[in-house]
2 protein chains.
Amino acid sequence: MNPELFLQLDRVIHEKGRLAIMSALAASPELAFTDLRNLLEMTDGNLTTHIRTLQQAGYVSVAKSYRNNRPLTTCSLTPAGRKAFADYVNLLEQIVRQNKPN
Amino acid sequence: MNPELFLQLDRVIHEKGRLAIMSALAASPELAFTDLRNLLEMTDGNLTTHIRTLQQAGYVSVAKSYRNNRPLTTCSLTPAGRKAFADYVNLLEQIVRQNKPN
DNA sequence: AAAATGTACTTTGCATGGCAAAGTGCAATC
DNA sequence: GATTGCACTTTGCCATGCAAAGTACATTTT
């Protein structure tokens, strides 16, 4: 059992809500605020704060515009975010491999 | 991308410190407080609180005794804890599989 | 045209929770 | 007998998740 693995887990990503956001953004080039909210069934407030955290970490970029007479916030992974997420998933993979019986 | 997976992540286990503890306990039948502290390089206070959380969740059993003129606290997984951890690892596996490119 | 409703967020407040510093109890050593 | 050391526990602080309430603007209703 290697304790190093757990220490390396990125706190910013290792959070249910943000992990879901990162995972969703990894699958599509960009998603609107409302897309994420509908997909992940998060409350608005919860979503904004998680997005802000990810943005401040440099993992997602946020673009605010105005379409169809409504505000439109679009999020996408930055290269750093993509890398951090890939690293995180690799760590998870090692943890799983270490803990699966077979 | 399946958002259900993330919702299902057990909050008690999905925490670096406790995940490490569960993983360590899954690998050995029992471990002493000091074993865990040395292995995981956690502070004493941090370790006690995490152990208490896991105990209150019914995931680890804690036995306090006195050996070699010193207190000895031994921890081990309960059946429920073993199951919860196995479920958690399976979830991680699915998340990894969903997010690994190939 | 004023009021109400709806959408797209943001801010605020609370309650939980991680963390380590300080504290406790006991035994051995100086 | 005072001090050191070990094995924990308690306390206090700070960060953070979360949702309720708030803001801004556009549309619909009366």
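Small disclaimer: the values here were computed from a predicted structure and weren't measured. Chain letters run A, B, ... following the sequence lines, proteins first, then strands; residues in each count from 1.
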request  = State whether A:Lys64 places a side-chain N or O below 4.0 Å from either non-bridging phosphate oxygen (OP1 or OP2) of D:dA24.
outcome  =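 No, no such contact exists.
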
request  = Considering just the side-chain nitrogens and oxygens of A:Thr73, establish if one lies under 4.0 Å of OP1 or OP2 belonging to C:dC9.
outcome  =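 Yes, A:Thr73 has a side-chain N/O under 4.0 Å of OP1/OP2 on C:dC9.
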
[atom1] of [X] versus [atom2] of [N]: gap in Å, rounded?
X: B:Arg11; N: C:dA15; atom1: CZ; atom2: P; result: 17 Å
X: A:Leu47; N: C:dT10; atom1: CG; atom2: C1'; result: 12 Å
X: B:Arg37; N: D:dC8; atom1: CZ; atom2: C1'; result: 8 Å
X: A:Arg70; N: C:dT10; atom1: CZ; atom2: P; result: 15 Å
X: B:Leu54; N: C:dG18; atom1: CG; atom2: C1'; result: 13 Å
X: A:Arg52; N: D:dT16; atom1: CZ; atom2: P; result: 12 Å
X: A:Asp35; N: C:dA8; atom1: CG; atom2: P; result: 10 Å
X: B:Leu40; N: C:dG18; atom1: CG; atom2: C1'; result: 15 Å

request  = Nearest-nucleotide wise, let me know which of A:Met42 and A:Asn69 is further upstream toward the 5' end of DNA chain D.
outcome  =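 It is A:Met42, whose closest nucleotide lies nearer the 5' terminus.
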
inquiry  = Less than 3.5 Å apart, any donor N or O on the side chain of B:Thr78 or B:Ser61 sitting next to an acceptor on the other?
reply    = no

Base, sugar-phosphate, or nothing: which does [X] touch, judged by heavy atoms less than 4.0 Å apart?
X: A:Leu72; value: sugar-phosphate
X: A:Thr48; value: base
X: B:Thr43; value: base
X: B:Arg18; value: sugar-phosphate

For the side chain of [X], starting at C-beta, report the closest nucleotide among [options].
X: A:His50; options: D:dA7, C:dT10, D:dC18; answer: D:dC18
X: A:Glu15; options: D:dC8, D:dC18, C:dC9; answer: D:dC18
X: A:Asn46; options: C:dA20, D:dC18, C:dT10; answer: D:dC18
X: A:Thr49; options: C:dA8, D:dC8, C:dT11; answer: C:dT11

Please check this pair: side chain of [X] against backbone of [Y], looking for a donor-acceptor N/O pair closer than 3.5 Å.
X: B:Asp35; Y: B:Ala32; result: yes
X: B:Thr53; Y: B:Thr49; result: yes
X: A:Asp10; Y: A:Val12; result: yes

query = Would A:Val62 and A:Phe85 show up in the same hydrophobic cluster when neighbours are defined by side-chain heavy atoms closer than 4.5 Å?
reply = yes

